[in-house]
Amino acid sequence: MTETPKNSWEIGSDLPLVDPAEDAFGYAPFASLLAKAIVDNRSPQGLVLAVHGKWGSGKSSLLNFIKHDLKRLPKDKRPVVIDFNPWWFEGREQISSQLLEQFSAQLPDRLKHLRTLAKLVGKYSKQIADTAADVSGYGWLKKPLAWLLGWIPGLKFLAEKTGIPSIKKKVAATLKSSGKRFVFFVDDIDRLTPDEARDFFRAIKALADFPEVVYVLFFDRDEVGRALTTSLKMDGEAYLEKIVQAPFHLPAVDKGQLHQKLFKGLDSIIDSKPMPFPFDQDRWAEVFSDGLDRLIKKPRDIVRILNTISVAYPPLAGEVNPVDFIALEFLRVFEPAVYGSIRDAKDFFCGLPTQLDHKRAAEKNYFDKWRDSLPDGSREHLAELVGLIFPKVSQVLDSGMVSSSDHSDWRKELRPCSPDCFDPYFQFGVPPGHVSRAEIERIASEQTSDGMASLLREAAGVILPDRHSKARDLIDRLRDLDQLPAAQASKLVEALVANAHQLLRKEDESGGFFSMPNRWRISGLISKQLERLPAHERQALLSRLAEISPGLWSLVDLADDALQAKRDASKAPRAFLDLEDGFAEAMAKAVGHRLDNASLEEFMAMPDLDFIVHRWKQWGNPERIREVFKPMVDDDDKVVALLDKFVRTGLRHSGRQTTETYRLSLKPLAAIMDIQAMEPRIRAIQSRSDLTVRQRTATKRFLQGLQALAKGQDPDDLRFNDDDDT
């Protein structure tokens with residue numbers, strides 16, 4: 001049994017590194033140099049080193065590397081390492097007292113023979129506290145340092161009132177004779193409030209002037225400088241210069257090293273989940289080099305984005321395009337406002353630019369304002385990056401620039417610029433009703449046509465909030481199956497033909513001027529799958545379905561396509577171009593015979609009844625048509641229902657107003673009834689008060705059609721622009 005690959009990127013990897021062997025950014029050599037300087041300096045007198053770097057640049061990892069090198073020194077050269085993080089404490093009293101506490105505590109606990117030094121440090125601290133309180137007015141120093149005296153063993157017995165210089169001299173002498181160096185590591189100084197930062201550096205300045213004591217401080221110089229300026233009301237940078245003797249900056253990280261860490265992490269995440277198509281290396285190179293690269297500035301950026309993708313990608317693996325998903329996650333993490341502007345405007349970003357003249361200016365105005373809202377300094381490259389994800393943006397902003405990408409492949413490649421694929425990118429999971437890649441694969445792998453049909457019918461029962469069925473989306477997505485084996489394609493064709501009339505509803509056709517009729521949507525999928533079969537197998541399958549399939553509605557359409565291929569090959573699906581001579585006529589005849597034997601109930605269950613009756617009249621027995629529909633024609637209530645089956649809806653645009661229109665196919669109705677003799681009955685029915693708008697308009701169109709016939713016009717080619725259709 002093959003094991004599923006595991007995601008080797010573990011969230012939480014933002015913890016600082018400890019072992020220099022794990023160094024990915026070239027910090028270890030610099031850490032070794034600083035460690036050597038700390039121990040080799042012959043006579044440090046309150047030496048204060050500072051390492052400057054931005055948040056997330058790796059200061060804490062460098063700190064750990066220095067400690068690692070110090071701990072590996074021979075015991076006689078190994079300094080006493082003291083960790084202090086002022087961010088753990090609240091208020092200036094705790095910061096100052098804890099600084100002294102950590103130093104004093106290390107002496108007796110780690111080196112028992114230094115108890116005398118501990119007492120001296122404690123006493124020196126008390127004197128400093130008293131003096132500092134008297135001179136500076138900061139009485140708060142007395143309390144924590146007095147408490148410290150009682151905490152260190154033996155210090156409470158020291159009562160002599162020795163002056164500060166004398167005690168300092170004793171402390172210095174004892175430190176020098178101890179044979180040890182003491183190294184304070186202080187991190188996260190840039191997280192302190194301005195007043196806390198001020199008090200910390202005052203404590204360093206007043207209490208750290210000991211020989212053999214080295215302070216190594218890690219902070220963002222700009223942040224701390226601003227904090228000190230705010231609190232001291234003076235130049236914070238100048239104040240730091242008086243305290244820090246040796247400032248260093250974190251080594252610059254090579255861009256290539258950042259990239260390698262990112263790529264290695266992405267590989268471990270993406271490779272752990274299967275993709276439905278090969279990873280597009282060329283497109284990734286374009287998206288990364290032209291946009292994503294500029295969003296990475298420091299090592300923590302790599303950790304943040306990998307942590308995010310490691311959580312968000314696995315539930316969507318196989319449902320999104322990895323290149324687009326990574327790019328959008330970069331925007332979500334580093335440019336959240338840009339991400340939000342896309343998430344909330346699906347209709348603007350998806351698809352192609354509008355072809356309607358009255359909407360083109362509004363669309364251009366929208367994207368101009370959107371671009372102007374992008375951050376200064378990064379506006380152009382962000383607009384370019386978004387344009388790579390959503391080609392419509394570049395095409396509109398660049399005034400008609402044509403995308404090199406074929407939009408017909410967007411859905412197949414699961415790209416967010418396809419309206420069908422947009423939602424999962426912004427919902428951290430497959431949204432309810434969305435057609436997942438797993439569902440497509442399930443249908444494709446079903447072993448029987450009945451199994452495929454069951455899944456199709458199940459989708460037909462799922463109605464989405466905008467009232468269209470999930471089956472419509474499923475049928476559209478199945479068109480992407482261009483690698484389906486011939487045997488499976490044959491089963492899918494059989495399932496579609498048998499159930500086509502049950503899969504889609506009138507609401508599945510609604511969608512504006514460019515909506516696709518249900519019959520075209522299904523016949524297009526059937527034709528695409530027929531192309532997977534060799535010509536002789538295709539012909540045999542169509543012949544068999546024409547004889548036995550219950551899907552008469554779909555069979556009529558297929559027979560019509562076959563005849564169309566003989567009339568005008570340029571307008572026919574490719575699946576019907578290489579069939580034998582006479583096959584189309586034989587198939588139409590077989591379907592016509594099936595129609596002659598169908599029941600009224602079967603016909604009334606079919607969509608596009610006008611299309612069916614028109615072909616039935618040509619291929620079957622015309623007399624049988626009136627015989628089948630006579631029960632409907634003889635009953636006025638049933639006549640209303642019959643007229644409704646011959647109504648086609650459309651949209652009419654006037655200015656900014658769009659209204660629904662109705663057309664009645666009168667010529668096919670003439671095959672069912674004597675339309676001239678029906679005129680008095682239709683007029684009587686029209687006067688009824690219980691008719692719907694659609695039914696009333698159908699009766700009106702019937703009478704208008706008769707008037708057109710009387711004038712020698714084709715009633716089915718006329719467009720009526722009534723103002724009272726509703």
Side-chain angles (χ1 to χ4, degrees), residues 443 446-461 469 471-472 474-475 478 487-506 508-509 517-530 533 537-563 573 575-576 583-584 586-621 624-625 627-629 631-632 641-642 645 668 672:
I443 290 178
E446 273 291 331
Q447 296 303 303
T448 66
S449 62
D450 286 343
M452 292 180 175
S454 177
L455 294 174
L456 290 168
R457 290 194 298 269
E458 182 180 324
S469 71
R472 189 189 78 179
L474 182 60
I475 288 168
L478 284 169
Q488 292 300 102
S490 178
K491 295 171 189 174
L492 181 55
V493 168
E494 186 172 349
L496 287 167
V497 171
N499 296 273
H501 63 292
Q502 301 175 342
L503 297 181
L504 300 178
R505 306 153 59 244
K506 287 182 179 179
D508 291 319
E509 292 186 338
N518 290 336
R519 182 165 51 84
W520 295 1
R521 179 172 270 112
I522 293 181
S523 66
L525 174 58
I526 293 173
S527 297
K528 187 174 180 65
Q529 297 309 315
L530 284 172
L533 307 179
E537 291 184 18
R538 192 185 321 150
Q539 188 166 301
L541 174 62
L542 289 172
S543 295
R544 180 169 63 84
L545 294 177
E547 295 291 337
I548 65 170
S549 176
L552 282 174
W553 178 68
S554 188
L555 286 172
V556 171
D557 201 43
L558 293 174
D560 192 59
D561 284 339
L563 291 170
F576 296 91
F583 172 78
M587 183 178 180
K589 182 177 180 181
V591 172
H593 179 70
R594 294 282 307 281
L595 292 171
D596 288 341
N597 291 278
S599 67
L600 175 62
E601 290 72 18
E602 288 179 276
F603 285 111
M604 292 302 292
M606 294 182 191
D608 302 324
L609 191 54
D610 55 341
F611 174 80
I612 301 298
V613 169
H614 181 69
R615 271 66 185 174
W616 184 9
K617 183 180 179 181
Q618 295 175 341
W619 305 339
N621 179 3
R624 175 64 179 158
I625 300 176
E627 180 182 340
V628 169
F629 284 97
M632 300 291 295
L642 185 60
K645 293 287 292 182
I672 291 176

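Values in this document were obtained by computation on a predicted structure and should not be read as measured data.
- Residues L542 and Q539 form no side-chain contact, since every pair of their non-hydrogen atoms from C-beta on lies 4.5 Å or further apart.
- The minimum heavy-atom distance between E509 and P517, with the atom names listed, is OE2-CA, 3.5 Å.
- Taken from CG in L496 to CG in L545, the straight-line distance is 10.5 Å, to the nearest 0.5 Å.
- Annotation: side chain of D608 is in contact with side chain of D610 (closest heavy-atom distance under 4.5 Å).
- Summarising the geometry of V591 relative to A559, their closest heavy-atom pair is CG2-CB, 4.2 Å, with the distance given to 0.1 Å.
- Atoms CG and CE, from L555 and M587 in turn, are 5.5 Å apart once rounded to the nearest 0.5 Å.
- Between the side chains of D557 and W520, not a single donor N or O lies within less than 3.5 Å of an accepting N or O.
- Side-chain atoms of R594 come within 3.5 Å of backbone atoms of A546 as a donor-acceptor pair (strictly under, hydrogens ignored).
- M632 has its side chain within reach of M604: a pair of non-hydrogen atoms, C-beta onward, lies under 4.5 Å apart.
- Not less than 6.0 angstrom separates the ring centroid of F611 from the ring centroid of W553.
- Ring-plane geometry between F603 and F629 is classed as tilted, the angle between the planes lying from 30 to 60 degrees on a 0 to 90 degree scale.
- Of all heavy-atom pairs between R615 and D560, the closest is NE-OD1, 3.3 Å.
- Note that NE2 of H593 and CZ of R624 are 11.0 Å apart. Values are rounded to the nearest 0.5 Å.
- The number of heavy atoms from other shown groups lying within 6.0 Å of NZ (K617) does not exceed 12.
- Atom CG of L533 and atom CG of L541 lie 6.5 Å apart (nearest 0.5 Å).
- Side-chain atoms of V628 and W616, non-hydrogen and from C-beta on, do get closer than 4.5 Å to each other.
- For the atom pair L530 CG and L492 CG, the distance stands at 9.5 Å (nearest 0.5 Å).
- The two residues S469 and A460 come nearest to each other via the heavy atoms CB-O, 4.0 Å.
- Heavy-atom minimum distance, S527 versus F576: OG-CE1, 3.7 Å.
- With rounding to the nearest 0.5 Å, the separation of CZ in R472 from CG in L503 is 14.0 Å.
- No donor-acceptor pair closer than 3.5 Å links the side chain of K491 to the backbone N or O of D450.
- The side chain to side chain donor-acceptor pair (under 3.5 Å) analysis of residues 540-552, with sequence neighbours excluded, yields the pairs E494-R544.
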>> Quick one, L504 with I475, criterion side-chain contact (heavy atoms from CB on, under 4.5 Å). Give me CA distance, side-chain angles, the key distance, then yes/no.
In response: CA-CA 10 Å; L504 300 178; I475 288 168; 3.9 Å; yes
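- Under the side-chain contact (heavy atoms from CB on, under 4.5 Å) test applied with L595, the options N621, V613, V556 reduce to a single match, V556.
- Closest non-hydrogen pair, P631 versus E627, comes out as CD-O, 4.1 Å.
- With hydrogens and angles ignored, the 3.5 Å screen pairs a side-chain donor or acceptor of N518 with a backbone N or O of R505.
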>> With side-chain contact (heavy atoms from CB on, under 4.5 Å) as the criterion, how do I526 and V493 come out once you've worked through the C-alpha distance, each side chain's angles and the decisive distance to 0.1 Å?
In response: CA-CA 6 Å; I526 293 173; V493 168; 4.0 Å; yes
